[in-house]
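Every chain is numbered from 1, with letters handed out A, B, ... down the list of sequences.
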4 protein chains.
Amino acid sequence: EKNFFLIAGPCVVESEELVMEVADKVSTICKDLGIPYVFKASYRKANRTSASSFTGLGDDTGLSLIDKVRKAYNLPATSDIHAHEEAGMASPYIDILQIPAFLCRQTDLLEAAAETGKIVNVKKGQFLSGPSMKFAVEKIRKAGNNNIMLTERGNTFGYTDLVVDYRNITWMKELNVPVIMDCTHSLQQPNQTTGVTGGNPQLIGTIAKAAIATGVDGLFIETHPNPAVAKSDGANMLQLDKLKGLLEQLVMLRKAI
Amino acid sequence: EKNFFLIAGPCVVESEELVMEVADKVSTICKDLGIPYVFKASYRKANRTSASSFTGLGDDTGLSLIDKVRKAYNLPATSDIHAHEEAGMASPYIDILQIPAFLCRQTDLLEAAAETGKIVNVKKGQFLSGPSMKFAVEKIRKAGNNNIMLTERGNTFGYTDLVVDYRNITWMKELNVPVIMDCTHSLQQPNQTTGVTGGNPQLIGTIAKAAIATGVDGLFIETHPNPAVAKSDGANMLQLDKLKGLLEQLVMLRKAI
Amino acid sequence: EKNFFLIAGPCVVESEELVMEVADKVSTICKDLGIPYVFKASYRKANRTSASSFTGLGDDTGLSLIDKVRKAYNLPATSDIHAHEEAGMASPYIDILQIPAFLCRQTDLLEAAAETGKIVNVKKGQFLSGPSMKFAVEKIRKAGNNNIMLTERGNTFGYTDLVVDYRNITWMKELNVPVIMDCTHSLQQPNQTTGVTGGNPQLIGTIAKAAIATGVDGLFIETHPNPAVAKSDGANMLQLDKLKGLLEQLVMLRKAI
Amino acid sequence: EKNFFLIAGPCVVESEELVMEVADKVSTICKDLGIPYVFKASYRKANRTSASSFTGLGDDTGLSLIDKVRKAYNLPATSDIHAHEEAGMASPYIDILQIPAFLCRQTDLLEAAAETGKIVNVKKGQFLSGPSMKFAVEKIRKAGNNNIMLTERGNTFGYTDLVVDYRNITWMKELNVPVIMDCTHSLQQPNQTTGVTGGNPQLIGTIAKAAIATGVDGLFIETHPNPAVAKSDGANMLQLDKLKGLLEQLVMLRKAI
């Protein structure tokens, strides 16, 4: 029985120092624990709640820093794209194109991602059920690409909360694609009056353990050396120092299922 | 006290005959009742659940038929756009650019719409509260456009249902923009296993009356001579023959508030 | 077309002075506006969140003060019962037995209420749909009582919020019983960490107007001369001074439907 | 590290044969696997959706059959009570008094259960958050009883679905009481138009595995030799033949945490 894989990194490419530090530490931990590791950072944040939030260093800089990480640490990488024309732009630098949850129904975007031939990882909309993701899978397959992953990131639960429904793990696995739990965004507290999404990072372990027990293939965890000063998603990222301890528990759990 | 306005038409531009018939009948009804009328039809459907659903006649044909309606009946028109490059393409043919609910957080799209100088009507995401729409309003204002409208279209309520929270009407009016109730999509039943969104069109009157009573400025109602054969949203469109009776009731209600 | 009726009063019988003051003022307003009025106060609060909350003056005192109001102002009265043995105890003093929302599925309680021959007003559980209230109606009818009312009080929407789904008004009216909107408890904000349920009383007008527009037969509004010092539900009660202005608007709206 | 315990049995006491068969088989399995076992069956069903549903064989018969099981197999037993006067009636025959989810806020019922000195297991209301169960715990402690358990059974998610939020396991464990996952009722599909609650029993494994991984102390699983003919909750009970295989997996998972 093979181990789960990990998609991890800072929410957004803040600086070269940051992405290198995170890739270095996480790749070492994953090597020790036998966890296949995919580096993640967004080169652009296109759907921040507020117009005054940080959106990136520019697409070129962001993508080239991701590529630098790939080469320096021999890692596959992933980032999210937000419009069909970004698929071609980003695909040379990344191995898995991630489709944001809000955009998982945009046919043009799914098709453009599919046509790159890269792996397409579609995040399930907060407004969708697991079984209805079969339509996203079909759109990508119809465009000629069978390298598909689906990611659970919680469902809308009142205005200011999300809830993870683990039945979706079982249901999405029935679509015969790898299923990933996004342990970071599942804990968001949206619609805050400040315009800054809140979080509950102390519950990352709860979310991740239940995901492993119910059979996910991969985990997505945003991590940062100092989440309090992060430029995006600081409220939910796991402090980098806590990652190793969590992964050790999860590897043991994985062996028991 | 002025009357409410009406945004109405078929979900999608199916044919010239259809758009002309609907515009002709609805404009006559609205003239009789003193209701300012905006013709609505989508020139493209970009986020259908299933890849096999009808997505339009082609952008050029769709937009030119909308323009034909505008000129033939001297009506303003609206349609939805789905990517920033569509803003420039569509804006010569329409008066109100509608931002789909799933895309209401996409900063690039809001900015591109704002820059056309046209009215921008943002549909509230099914995952958002009314107060949090202030961030969408701010993004558009910051891009130099103060012609903004907001549309309520229901919130996620379990996987297969939406609920309209009328507190949002009050809350969005506090943002000092016209607020519209989308009586059609608020009644959707999403995530059906068939991939075709269901509906409850017999409840359009309930949704619309509560909206008028709570002070909306406009109503959005998709209508079709024969919803059963419509190429999109057939499950929720109001039969054209029933529109006049409903509007008469609503005009009386409006006078009482 | 007849007017709506009003069920109103303080949440709980706090003192003789309070119930007399409220009954006096509300009955005068309702006489002026042609609104049939039912006095409401709970003689016991059995399901407070916290054990340290006020639960009443004792059943005997509470019920006898309600009875005193009935006789002094020639008003029908209502209060809620919480266990089957309370039906017989309370029914001599009240005209409408109200079944709390949490208890609307308790068959013994519904049957005991039915057997008093009084009107039974069942509040819809926060976890129930309007159509499923037909089973509560059937339990009461089967026990030989056809004097049934149903009350909408909002549905669970995440942990700390309720939402009123006005489709339920239409659906419950199809059961051929009078339908009431509880404008007070629909605005509760449950599950607060303090153990004291919060509220949004400034939205009572929004809730009530949408209810009248969608055809409710009655409104339920808790009111208090000074909600800030009330012993229960202070967060949601309407200040008594504001009742008249609200009712005047609602009477006009009612005439337009 | 000790094992989890199991509360299991048929939903309701249907017959002596049934309760004996289930107790016999489940106690054998649990002995083999080192799982402490508590026999469960309701002696009365007081909150069936529909008045025509089966409610039990009568309280005396139901309780005496539960007692017979206890003595025959030397097992502790649990059943649910619905009114304060049932606490004294039922407590001689059962070891754990279970408070139904709809009734978890009824102070009189919690106090009456507390006063028996038996263990009180409160099911979390479908409308409550985990942290707010601290008020139920406090009511029982204040009545002098510290033998308290809390059970998760899912939260309202739209009208016809429930969702299990595993954050509640973590949050309720912080109240320092044993926490149980009710794997049966968490899978209910309420508010069906038939008046018979539906279910998803094929997902019991998903619910249970996530519960063990997140640290529950006990599991609650209704089981029946032939759920299709069961007189209550047939849509969700686990077929007795499948119990052993499931428990074996769960015991392995438990050892890994």
Side-chain angles (χ1 to χ4, degrees), chain A residues 44-53 55 82-86 100-112 114 125-143 154-160 162 165 167-168 171 188 190-197, chain B residues 44-53 55 82-86 100-112 114 125-143 154-160 162 165 167-168 171 188 190-197:
Chain A
R44 187 201 298 185
K45 303 303 295 179
N47 56 9
R48 302 299 302 266
T49 302
S50 165
S52 58
S53 298
T55 59
H82 321 85
H84 61 91
E85 71 273 18
E86 288 184 48
F102 291 148
L103 305 182
C104 71
R105 288 267 297 263
Q106 304 305 310
T107 307
D108 288 355
L109 181 60
L110 292 171
E111 288 174 350
Q126 298 90 328
F127 40 83
L128 287 186
S129 68
S132 67
M133 289 305 286
K134 85 170 163 179
F135 301 106
V137 169
E138 283 170 10
K139 287 178 182 178
I140 298 168
R141 286 197 177 133
K142 212 171 151 181
N155 278 85
T156 290
F157 191 59
Y159 291 124
T160 56
L162 296 176
D165 180 356
R167 297 175 302 177
N168 284 324
W171 286 327
Q188 284 182 326
N191 288 304
Q192 302 299 312
T193 52
T194 56
V196 178
T197 301
Chain B
R44 187 202 298 185
K45 304 302 296 178
N47 57 9
R48 303 298 302 266
T49 303
S50 165
S52 58
S53 299
T55 59
H82 321 85
H84 62 90
E85 72 272 17
E86 289 183 49
F102 290 147
L103 305 182
C104 70
R105 289 267 296 262
Q106 304 305 310
T107 308
D108 289 355
L109 180 61
L110 293 171
E111 288 174 351
Q126 297 92 328
F127 40 84
L128 286 186
S129 69
S132 67
M133 289 305 286
K134 87 172 162 178
F135 302 105
V137 169
E138 282 170 10
K139 286 177 182 177
I140 297 168
R141 286 197 177 133
K142 211 170 152 180
N155 278 86
T156 291
F157 191 59
Y159 292 125
T160 56
L162 296 175
D165 180 356
R167 296 176 303 177
N168 284 324
W171 285 327
Q188 284 181 327
N191 287 304
Q192 302 299 313
T193 52
T194 56
V196 178
T197 300

Which residue out of [options] racks up the most heavy-atom pairs below 4.5 Å with chain B?
| options | answer |
| --- | --- |
| A/Pro100, A/Ser50, A/Ala101, A/Ser52 | A/Ser50 |
| A/His82, A/Gln192, A/Lys142, A/Lys45 | A/Lys142 |
| A/Thr156, A/Thr49, A/Thr107 | A/Thr49 |
| A/Asp108, A/Asn155, A/Leu162 | A/Asn155 |

* Could you tell me whether B/Phe127 and A/Tyr159 have their ring centroids closer than 6.0 angstrom? => no

* **Per-residue contact mode, A/Thr194 against chain B (heavy atom under 4.5 angstrom)** => backbone

* **Region of A/Arg44 in contact with chain B, defined by heavy-atom distances below 4.5 Å** => side chain

* **Heavy-atom pair with the smallest gap, counting every atom of A/Lys139 and B/Arg48** => NZ-O, 2.5 Å

* Asked: With sequence neighbours left out, what residues match B/Glu111 under salt bridge (Lys or Arg N to Asp or Glu O under 4.0 Å)?
  -> none

* Asked: How far apart are the C-alpha atoms of B/His84 and A/Glu85, what are their side-chain angles, what is the distance that settles it, and do they pass the side chain to side chain contact (heavy atoms under 4.5 Å, CB included) test?
  -> CA-CA 11 Å; B/His84 62 90; A/Glu85 71 273 18; 2.6 Å; yes

* Structure fact -> dist B/Leu103:CG -> A/Asn47:CG (nearest 0.5 Å) comes out at 10.0 Å

* **B/Asn191 (side chain) donor-acceptor with A/Ser129 (main chain) under 3.5 angstrom** => yes

* To do: Could you list the residues that satisfy ring-ring contact (aromatic ring centres under 6.0 Å, His included) with B/Phe135, not counting sequence neighbours?
  => none

